[in-house]
Amino acid sequence: MNWDEIFSRLSVTGITLLLCGSLLCLYAARLARFIFRDAGERLVLPIRLIGLGIAVFGTLILLDFIPGL
């Protein structure tokens, strides 16, 4: 298995979006409490959904469903 060819096909944009989206999903409660002090508990679900959307978009870029990015 030639690892150089595999790593050359990976998109930096896709990896970055995938990591940022997954971190946003994982730490949504802490982020919501840190940024929105009083209304933080109500915004955890929307923040997780936004993170999920970002992660899915990054995955689509990595799987070449969206070529050129």
Side-chain angles (χ1 to χ4, degrees):
M1 185 176 288
N2 194 355
W3 289 102
D4 291 333
E5 290 180 17
I6 293 172
F7 288 133
S8 69
R9 291 188 48 92
L10 291 178
S11 170
V12 175
T13 308
I15 292 172
T16 305
L17 287 173
L18 180 63
L19 288 175
C20 290
S22 62
L23 287 175
L24 194 61
C25 284
L26 287 174
Y27 295 111
R30 283 187 192 169
L31 185 67
R33 275 186 268 140
F34 180 71
I35 294 175
F36 310 105
R37 303 251 185 240
D38 297 331
E41 293 299 320
R42 294 183 311 173
L43 296 174
V44 172
L45 183 63
I47 291 174
R48 283 192 177 159
L49 291 176
I50 290 170
L52 178 66
I54 292 171
V56 167
F57 187 65
T59 304
L60 290 176
I61 291 173
L62 279 176
L63 294 175
D64 283 337
F65 285 113
I66 304 173
L69 290 178

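Just so it is clear, the model here is predicted, and its values are computed rather than measured. Just so you know, these numbers use all the heavy atoms, side chains as well, and skip hydrogens, waters and symmetry mates. Each residue takes its place number in the sequence, starting with 1.
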With the 4.5 Å side-chain cut-off for hydrophobic clustering, are [X] and [Y] part of the same group?
| X | Y | value |
| --- | --- | --- |
| Ile47 | Leu49 | no |
| Leu24 | Val56 | yes |
| Val44 | Ile50 | no |
| Leu45 | Phe34 | no |

Measuring from [X]:[atom1] to [Y]:[atom2], what's the distance to the nearest 0.5 Å?
| X | Y | atom1 | atom2 | answer |
| --- | --- | --- | --- | --- |
| Thr13 | Leu18 | OG1 | CG | 12.5 Å |
| Leu43 | Leu31 | CG | CG | 10.0 Å |
| Leu62 | Thr16 | CG | OG1 | 9.0 Å |

### Task
Look at atom CG of Asn2 and say whether more than 12 heavy atoms of other residues, nucleotides or ligands are closer to it than 6.0 Å.
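More than 12 heavy atoms, drawn from other residues, nucleotides or ligands, come within 6.0 Å of this atom.
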
#### Entry: Non-hydrogen atoms of Gly51 and Cys25 that approach each other most closely
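That closest heavy-atom pairing would be C-SG, 3.4 Å.
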
### Message
Quick check: closest heavy atoms across Ala55 and Ser22, and the distance to 0.1 Å?
### Response
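It is CB-N, 4.1 Å.
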
### Query
So which of Leu10, Thr59, Ile61 actually passes side-chain contact (heavy atoms from CB on, under 4.5 Å) with Ile15?
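Among Leu10, Thr59, Ile61, the one meeting side-chain contact (heavy atoms from CB on, under 4.5 Å) with Ile15 is Leu10.
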
